[in-house]
Amino acid sequence: MAPNETDDTTTAGEVEEPRAGRRRAARYIVPVTVMGVAAATIGLVPALADSGDPDLPDITAAQLIEKIAQSDVERLSGTVKITTDLGLPDLGGLESGLLSGAAGGEDGEGGSSADPSGRLTELASGTHTLRVAADGPDRQKLSLLENAAEYSLIHNGKDVWGYDSASNEVYHATVDEADTKERSAQRPPATPEDFAEEALKAVDDTTSVKVDGTAQVAGRDAYRLVVEPKQSGSTVGAISIAVDHETGMPLKFTLTPAGGGSAVVDVGFTKVSFDRPDASTFRFTPPKGAKVTEETEQDRAHGGFGGKPERGPKPEEDLAKGLDGLRMLGEGWNTVATFDTGTGAGLPTGEAGGDLGGFLGSLGDQVKGDFGKGTVFSTRLVNALITEDGTVYVGTVTKDALVKAAEAGK
């Protein structure tokens with residue numbers, strides 16, 4: 001067997017639990033706005049890293065996962081390229097507009113184009129280039145590079161600044177230092193480490209995990225950790241995480257769907273340094289003439305961007321509380337979440353539905369089974385079924401597997 005290429009396959013029982021309390025690099029304080037039901041119930045997943053074949057010592061899958069868990073990188077700077085292609089229908093900008101509006105972005109009433117809770121939803125689709133920097137838990141910066149413009153999110157001590165150079169708008173909030181770590185967990189994933197962390201949560205006895213050679217990413221030697229569902233019926237093809245040989249930090253993450261084609265998610269460093277960034281990186285003063293929006297007391301009262309997170313249930317528990325009878329069907333990668341919309345009816349149809357019913361119906365496939373009739377809405381990763389009685393089934397499973405889950409769930 002060639003060096004670094006091992007056929008060991010590891011399941012959840014053989015992988016040590018990641019150590020609690022480890023510090024993670026590149027943490028940016030933004031509330032959850034992007035993934036909704038799918039991410040909260042089933043998690044995200046990845047695939048193959050950059051080509052290359054550095055000569056590294058052999059390592060098992062369990063050892064490599066432990067290496068990731070023990071990674072304590074707190075200081076870095078670099079450039080990240082992220083591409084997301086869920087295969088959603090082209091609705092002429094409707095998708096990004098809805099995401100931004102729902103998150104209170106620039107199109108929301110009284111919103112600011114510099115409000116990070118709206119701007120980072122842009123990472124949910126398309127290709128973007130980010131500059132990132134971190135110096136411990138109190139100083140981080142993320143910049144979204146655009147055509148002739150830049151959006152920056154800066155956390156420096158108690159201050160959090162969002163700046164949109166295109167509109168010359170600034171958003172300012174303050175954070176409770178004691179709650180920085182908890183708040184940092186409530187933001188959309190933006191770096192390979194973020195996605196890898198979510199992917200590894202899905203590892204269980206229905207998962208194959210192995211080390212598959214080595215790679216070079218951003219000029220650094222790395223191992224390839226490949227994760228694949230053992231079950232049939234999942235829309236997830238393979239997962240590969242390029243793990244830095246020296247630091248144990250994930251450098252690249254790609255999700256390839258079972259249906260083939262380009263990656264659904266591909267995020268990786270193109271340049272990275274683990275030296276301490278200059279302190280000036282995290283300093284920010286609103287430019288002359290900029291419109292500055294301060295976080296309001298109302299925002300704080302509702303646990304807004306800079307407000308103190310409310311104690312109590314975890315996000316997934318909040319989600320379950322907000323849905324009628326949320327249940328999980330199946331296991332592993334074939335898990336399907338189901339809940340009742342509370343309307344007692346599915347999509348509007350016939351004369352009552354009018355143009356809306358016809359439009360929505362045209363975006364999905366009509367199906368029927370023991371549950372009755374329904375409409376399946378598909379992406380390259382997540383599929384959702386809405387039945388005629390208003391029950392929703394959603395998961396990273398194929399349309400056929402979703403219909404079977406709905407039939408078994410009745």
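Under the 4.5 Å side-chain criterion, counting only non-hydrogen atoms from C-beta, F195 is not in contact with P250. Residues T60 and V211 fail the side-chain proximity criterion, which asks for heavy atoms closer than 4.5 Å. A 4.5 Å side-chain heavy-atom check between L402 and V336 finds at least one atom pair inside the cut-off. A heavy-atom distance below 4.5 Å is found between the side chains of L153 and P116. The closest side-chain heavy-atom distance from T174 to V160 is not below 4.5 Å. In this structure the side chain of S165 never reaches within 4.5 angstrom of the side chain of Y151, judged on heavy atoms. Considering only heavy atoms from C-beta on, R75 stays 4.5 Å or farther from F274 through its side chain. Residues E193 and F269 fail the side-chain proximity criterion, which asks for heavy atoms closer than 4.5 Å.
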**OP:** Just do the side chain to side chain contact (heavy atoms under 4.5 Å, CB included) check on L381 and V236 with the steps written out, would you?
**Re:** CA-CA 7 Å; L381 183 65; V236 176; 3.9 Å; yes
Original post:
Between L200 and I68, does a side chain to side chain contact (heavy atoms under 4.5 Å, CB included) hold up when you go through it step by step?
Top reply: CA-CA 10 Å; L200 292 177; I68 296 172; 4.1 Å; yes
Original post:
Can R131 and L145 be said to form a side chain to side chain contact (heavy atoms under 4.5 Å, CB included), step by step?
Top reply: CA-CA 8 Å; R131 280 203 298 259; L145 308 184; 3.8 Å; yes
**OP:** Using the side chain to side chain contact (heavy atoms under 4.5 Å, CB included) rule, take I82 and T127 through it: C-alpha gap first, then chi angles, then the decisive distance, then the call.
**Re:** CA-CA 6 Å; I82 177 171; T127 297; over 6 Å; no
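For T396 and W333, the side-chain atoms include no donor-acceptor pair closer than 3.5 Å. Between T391 and D340, the side chains place no donor N or O within less than 3.5 Å of an acceptor N or O (distance only, hydrogens not considered). Side chains of D389 and T387: a donor on one and an acceptor on the other come within 3.5 Å. Residues H172 and D159 have side chains that bring a donor and an acceptor to within less than 3.5 angstrom of each other. Donor-acceptor pairing under 3.5 Å is recorded for the side chains of S143 and E150. For the residue pair S378/N383, the side-chain donor-acceptor check at 3.5 Å is satisfied. A donor-acceptor contact closer than 3.5 angstrom links the side chains of Q366 and T375.
Ion pairing of R224 with D212 is absent here, as no side-chain N (NZ or NE/NH1/NH2) approaches a carboxylate O to less than 4.0 Å. With salt bridges taken as basic N to acidic carboxylate O contacts below 4.0 Å, one links E146 and R119. By the 4.0 Å N-to-carboxylate-O rule, K252 lies close enough to D266 to be salt-bridged with it. Using a 4.0 Å cut-off between a side-chain N of Lys or Arg and a carboxylate O of Asp or Glu, E198 and K201 qualify as a salt bridge.
When atom types are taken as modelled, the side chain of T207 and the backbone of D204 share a donor-acceptor pair closer than 3.5 angstrom. Between the side chain of Y171 and the main chain of D164, no donor-acceptor pair closer than 3.5 Å is present. One N or O on the side chain of R380 and one on the backbone of S262 form a donor-acceptor pair closer than 3.5 Å. Here the side chain of H128 pairs no donor or acceptor atom with the backbone of L130 at under 3.5 angstrom. Formation of a donor-acceptor pair under 3.5 Å by the K67 side chain with backbone atoms of H245 is found in this model. Under a 3.5 Å cut-off, the side chain of T293 and the backbone N or O of S112 do not form any donor-acceptor pair. Distance alone, capped at 3.5 Å, places no donor-acceptor pair between the T84 side chain and the S125 backbone.
Here CD of Q231 is found 4.0 Å from CG of N334. Values are rounded to the nearest 0.5 Å. For the atom pair CD (Q63) and CG (L225), the distance works out to 12.0 Å, reported to the nearest 0.5 Å. Annotation: the span from S240 atom OG to F253 atom CZ amounts to 10.0 Å, rounded to 0.5 Å. Atom CG in D135 sits 13.5 Å away from atom NZ in K141 (nearest 0.5 Å). For the atom pair E169 CD and D115 CG, the distance stands at 10.5 Å (nearest 0.5 Å). A distance of 5.5 Å separates CD in E228 from OG in S208, rounded to the nearest 0.5 Å.
Residues T214 and P54 share a closest heavy-atom pair of OG1-O, 2.9 Å. Residues S71 and M249 come closest through the heavy atom pair OG-N, 3.7 Å. Considering all non-hydrogen atoms of both residues, Y223 and P57 come closest at OH-O, 2.6 Å. Between S113 and S167, the shortest heavy-atom contact is OG-OG, 2.6 Å. Between A218 and K271, the shortest heavy-atom contact is CB-N, 3.8 Å. Taking each heavy atom of T398 and S234 in turn, the nearest pair found is CG2-O, 4.3 Å.
Legend: residues meeting ring pair (Phe, Tyr, Trp, His ring centres under 6.0 Å) with F282, ordered by chain and number and at least two apart, are absent. Taking the side-chain hydrogen bond (donor to acceptor under 3.5 Å, both in side chains) definition, one finds that D244 meets it with R220, T247, sequence neighbours left out. When the salt bridge (Lys or Arg N to Asp or Glu O under 4.0 Å) test is applied to K81, no partner is found at least two apart in sequence or on another chain.
Between Y163 and F284, the ring-plane angle classifies as tilted under the 30° and 60° cut-offs.
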